[in-house]
Amino acid sequence: MKAQQILNNPFLNKGTAFTAEERTQFGLTGMLPPHVQTIEDQAKQAYAQYQSKANMLEQRIFLMSIFNENRVLFYKLFSQHVAEFMPVVYDPTIADTIENYSALYVNSQYAAFLSIDDPDSMKTTLTNAADGREIKLIVVTDGEGILGIGDWGTQGVDISVGKLMVYTAAAGIDPSQVLPVVLDVGTNRESLLNDELYLGNRHERIRGDRYYDFVDQFVQTAEELFPNMYLHFEDFGRSNAANILNKYKDKIVTFNDDIQGTGIITLAGIMGALNISGGKMTDQVYMSFGAGTAGAGITQRIFEEMLQAGLTEEQARSRFYMVDKQGLLFDDDADLTPEQKPFARKRSEFENADELTTLEAAVKAIHPTILVGTSTQPGAFTESIVKEMAAHTERPIIFPLSNPTKLAEATAENLIKWTDGKALVATGIPAAPVEYNGVTYEIGQANNALVYPGLGLGTIASTAKVLNDEMISKAAHSLGGIVDPTEAGAAVLPPVTKLDIFSQTVATAVAQSAVDQGLNRETISDVQKVVADMKWEPEYKAL
Ligand SMILES: NC(=O)c1ccc[n+]([C@@H]2O[C@H](COP(=O)([O-])OP(=O)(O)OC[C@H]3O[C@@H](n4cnc5c(N)ncnc54)[C@H](O)[C@@H]3O)[C@@H](O)[C@H]2O)c1
Ligand SMILES: O=C(O)C[C@H](O)C(=O)O
Ligand SMILES: [Mn+2]
């Protein structure tokens with residue numbers, strides 16, 4: 001191999017850490033400054049440079065330049081500063097890089113760009129992108145429902161890259177075994193279609209059979225090329241996400257993060273909140289605000305939990321309410337999605353059913369004990385709504401989960417203040433602790449990033465044939481017991497600073513469940529060991 005091929009390959013490059021012997025052996029003599037650095041020296045120097053950047057976007061661009069050059073160094077740094085880097089590398093800053101992807105473009109970051117206008121090249125593209133590597137994990141998006149910022153076409157590829165970075169930082173998935181993918185099926189965003197810099201296909205989104213055939217061709221081709229792959233779907237639009245999951249979930253090892261990952265983390269957060277308040281799951285009255293992909297996915301997960309806790313289906317259903325654009329969802333509404341239908345209510349249940357067209361009216365009529373926001377409507381949890389909720393329940397559980405920051409339904413600080421410290425809060429994006437009346441309230445982050453890495457690691461390590469509901473439920477339950485609920489101001493979820501530690505906990509629980517159910521393809525005698533053995537460490541290896 002030529003010196004430049006090594007230096008330009010982020011999986012091989014060690015930069016100034018190449019030793020004198022390596023420099024001699026691989027033709028690198030004189031190709032680098034003479035002083036040999038350790039990875040610790042490199043990380044220290046890079047971190048100082050990172051700190052000199054003016055804002056989070058600049059910091060991310062700098063970190064991505066290291067990612068492009070040297071994956072080991074990037075993950076070394078990331079592992080040293082997990083909680084600090086998460087909002088820079090991932091949400092919310094990633095929203096800015098997605099919106100500006102074409103303008104900021106410098107590197108394709110080993111992603112595979114699959115175009116619906118050229119389906120015949122799909123296999124070639126995936127083969128080229130893998131470049132002989134064994135791919136065990138794909139994150140794929142079609143860019144239609146990026147976070148809460150909507151349709152960004154090909155620019156959505158950054159969410160696939162970003163989610164994968166978190167898999168490695170949190171769970172130690174080997175970065176050379178992952179592949180980010182975008183399905184470019186067009187975009188309906190006018191500003192992109194008219195932007196001369198836009199790098200994607202310039203036409204409206206293709207829908208219907210041609211779209212689903214393209215997705216199917218992708219699933220089949222990826223399965224054929226990478227038979228041991230875990231396929232993670234991210235940020236598909238509301239009309240497709242659940243359809244795709246339902247089509248493939250019993251056949252291949254697949255996962256929809258917005259539906260399932262968000263369901264797990266929100267259930268874990270609610271269990272954490274009940275642990276603090278002493279409340280019972282089966283006593284809760286649940287209201288979903290913004291009953292789309294995530295909202296319906298969470299609702300379904302909490303509903304399953306109530307069934308597991310002993311309620312009949314009818315008893316459990318009676319505890320759920322969904323509010324969307326129309327207001328409270330009723331079963332006579334022709335626009336309900338298939339996921340909303342089972343939770344829609346009868347008008348006859350209310351004297352003023354026709355007036356329940358706003359969140360405020362619904363909260364007044366129903367007195368929920370849990371309110372979860374996935375609506376993309378900033379500020380929708382107003383002071384009067386929150387106070388109304390708090391007037392009827394001792395410790396209201398309020399989770400504004402919409403991302404990024406500019407779309408959150410409320411801030412943690414306001415929720416704590418408006419409820420005099422009573423609200424049990426988790427947010428989608430990281431939130432600083434809130435000081436109120438002498439108590440420091442730690443705010444849990446109910447973001448699927450806290451569970452999807454462990455879930456994937458556990459599923460892959462256990463060689464499971466599918467990822468099923470039982471494994472998902474075990475993942476949610478495994479997050480309990482990390483936070484001390486008796487401490488004043490305790491968070492409902494474990495802190496991101498421990499992300500790498502509890503990702504192993506989640507992975508072990510998931511792998512154990514797969515083995516207990518006999519879903520493993522290979523014989524496994526020690527679950528802890530297979531999980532631990534999969535962990536990739538950011539250390540330089542001999543070339
Ligand atoms: N914290 C997390 O881990 C997490 C995970 C997934 C999604 N999210 C966030 O949840 C939000 C929704 O994501 P999604 O994938 O479900 O999108 P989606 O488009 O599938 O769902 C959004 C829903 O909100 C509804 N809505 C829009 N305007 C509304 C209004 N004025 N009042 C009530 N409802 C309204 C829409 O009709 C839709 O049903 C995004 O901001 C996303 O970032 C957070
Ligand atoms: O990406 C995130 O931060 C969480 C979630 O998947 C989302 O779509 O908002
Ligand atoms: Mn998402």
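What you see below is based on every heavy atom in this structure, not just the backbone, and it leaves out hydrogens, waters and symmetry mates. Remember, it's 1-based here, ligands and their atoms both numbered in the order they're listed.
Every atom of ligand 1 with a heavy atom of Gly428 under 4.0 Å away is listed here by number and element: 1 (N). Using a 4.0 Å cut-off to heavy atoms of Thr293, the atoms of ligand 1 that qualify are 15 (O), 16 (O), 18 (P), 20 (O), 21 (O). Close approach of ligand 1 to Thr376 (heavy-atom distance below 4.0 Å) involves ligand atoms 11 (C), 12 (C), 40 (C), 41 (O). Every atom of ligand 1 with a heavy atom of Leu401 under 4.0 Å away is listed here by number and element: 1 (N), 8 (N), 9 (C), 44 (C). In summary, the atoms of ligand 1 found under 4.0 Å from a heavy atom of Asp258, numbered by their order in the structure, are 6 (C). Proximity to Leu147 (heavy-atom distance under 4.0 Å) selects the following atoms of ligand 1: 40 (C), 42 (C), 43 (O). Of all atoms in ligand 1, listed by their number and element, those nearer than 4.0 Å to a heavy atom of Gly148 are 40 (C), 41 (O), 42 (C), 43 (O). Atoms of ligand 1 lying under 4.0 Å from at least one heavy atom of Phe289, given by number and element, are 32 (N), 33 (C).
Each of Thr358, Asp333, Asp335 was evaluated against Gln326; a single residue qualifies, Asp333, per the side-chain hydrogen bond (donor to acceptor under 3.5 Å, both in side chains) test.
Note that atom 17 (O) of ligand 1 has no protein non-hydrogen atoms nearby, at separations under 4.0 angstrom.
Using a 4.0 Å cut-off between charged side-chain N and carboxylate O, Lys364 and Glu355 make no salt bridge. The pair Arg347-Asp332 meets the salt-bridge criterion, since a charged nitrogen lies less than 4.0 angstrom from a carboxylate oxygen.
At a threshold of 4.5 Å between non-hydrogen side-chain atoms, the residues Phe255 and Phe233 do not count as touching. In this structure, the side chains of Asp216 and Lys247 come closer than 4.5 Å at one or more pairs of heavy atoms.
Within the 4.0 Å heavy-atom criterion, both parts of Lys325, backbone and side chain, lie near ligand 1. Of the heavy atoms in Asn448, both backbone and side-chain atoms come closer than 4.0 Å to ligand 1. Only the backbone of Ala291 comes within contact range of ligand 1, with a heavy atom under 4.0 Å; no side-chain atom does. In Ala446, the part holding a heavy atom less than 4.0 Å from any atom of ligand 1 is the backbone.
Ligand 1 has at least one atom lying under 4.0 Å from a heavy atom of Asn447.
Among protein heavy atoms, atom 37 (O) of ligand 1 sits closest to Asp324 OD1, 2.5 Å. Considering only non-hydrogen protein atoms, atom 21 (O) of ligand 1 sits nearest to Gly292 CA, 3.3 Å. Closest protein heavy atom to atom 22 (C) of ligand 1: Thr374 O, 3.6 Å. The single protein non-hydrogen atom nearest to atom 5 (C) of ligand 1 is Thr262 OG1, 3.0 Å, given as residue, atom name and distance. The protein non-hydrogen atom at the shortest distance from atom 26 (N) of ligand 1 is Ser375 O, 3.6 Å. Shortest contact from atom 30 (C) of ligand 1 to any protein heavy atom: Gln377 CG, 3.4 Å.
Remark: among candidates Gln445, Arg238, Glu234, Met322, the nearest residue to atom 19 (O) of ligand 1 is Arg238, based on non-hydrogen atoms.
If you check the side chains of Glu360 and Ser384, you find a donor sitting under 3.5 Å from an acceptor. At a cut-off of 3.5 Å, with distance as the only test, a side-chain donor of Ser115 or Asn201 sits close to an acceptor on the other residue. For Thr427 and Gln445, the side-chain atoms include no donor-acceptor pair closer than 3.5 Å. Side-chain polar atoms of Asp235 and Thr141 form no donor-acceptor pair below 3.5 angstrom. Residues Asn414 and Glu383 have side chains that never bring a donor and an acceptor to within less than 3.5 angstrom of each other. At a cut-off of 3.5 Å, with distance as the only test, no side-chain donor of Glu470 or Ser513 sits close to an acceptor on the other residue. A donor and an acceptor atom, one from each side chain of Lys163 and Tyr90, are located under 3.5 Å apart. A side-chain N or O of Gln155 and one of Ser102 form a donor-acceptor pair less than 3.5 Å apart. His232 and Tyr167 share a donor-acceptor pair across their side chains, judged by distance under 3.5 Å alone. Residues Glu304 and Gln308 bring no donor and acceptor atom of their side chains to less than 3.5 Å of each other. The closest side-chain donor-acceptor pair between Asn448 and Asp257 falls under 3.5 angstrom.
Under the rule for a side-chain hydrogen bond (donor to acceptor under 3.5 Å, both in side chains), the partners of His392 that lie at least two apart in sequence or sit in another chain are His367, Glu388. With sequence neighbours excluded, the residues satisfying side-chain contact (heavy atoms from CB on, under 4.5 Å) with Lys249 are Leu245, Asn246, Thr254.
Between Asp151 and Arg189, the closest heavy-atom pair is O-NE, 2.6 Å. In this structure, Ala170 and Leu499 approach most closely via the heavy-atom pair CB-CG, 3.6 Å.
Shown are the protein N/O/S atoms under 2.8 Å from the Mn ion (ligand 3), given by residue and atom: Glu234 OE2, Asp235 OD1, Asp258 OD1.
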Please give the N or O to N or O pairs under 3.5 Å between ligand 2 and the protein, distances rounded to 0.1 Å.
from, atom 1, to, atom 2, distance (Å)
ligand 2, 1 (O), Tyr90, OH, 3.3
ligand 2, 1 (O), Lys163, NZ, 3.1
ligand 2, 3 (O), Tyr90, OH, 3.2
ligand 2, 3 (O), Asp91, OD2, 2.6
ligand 2, 3 (O), Asn403, ND2, 3.4
ligand 2, 3 (O), Asn447, ND2, 2.9
ligand 2, 6 (O), Lys163, NZ, 3.0
ligand 2, 6 (O), Glu234, OE2, 3.0
ligand 2, 6 (O), Asp258, OD1, 3.2
ligand 2, 6 (O), Asn448, ND2, 2.9
ligand 2, 8 (O), Asp235, OD1, 3.1
ligand 2, 8 (O), Asp258, OD1, 3.1
ligand 2, 9 (O), Asn403, ND2, 2.9

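Among the atoms of Ala294, some N or O lies under 3.5 angstrom from an N or O of ligand 1.
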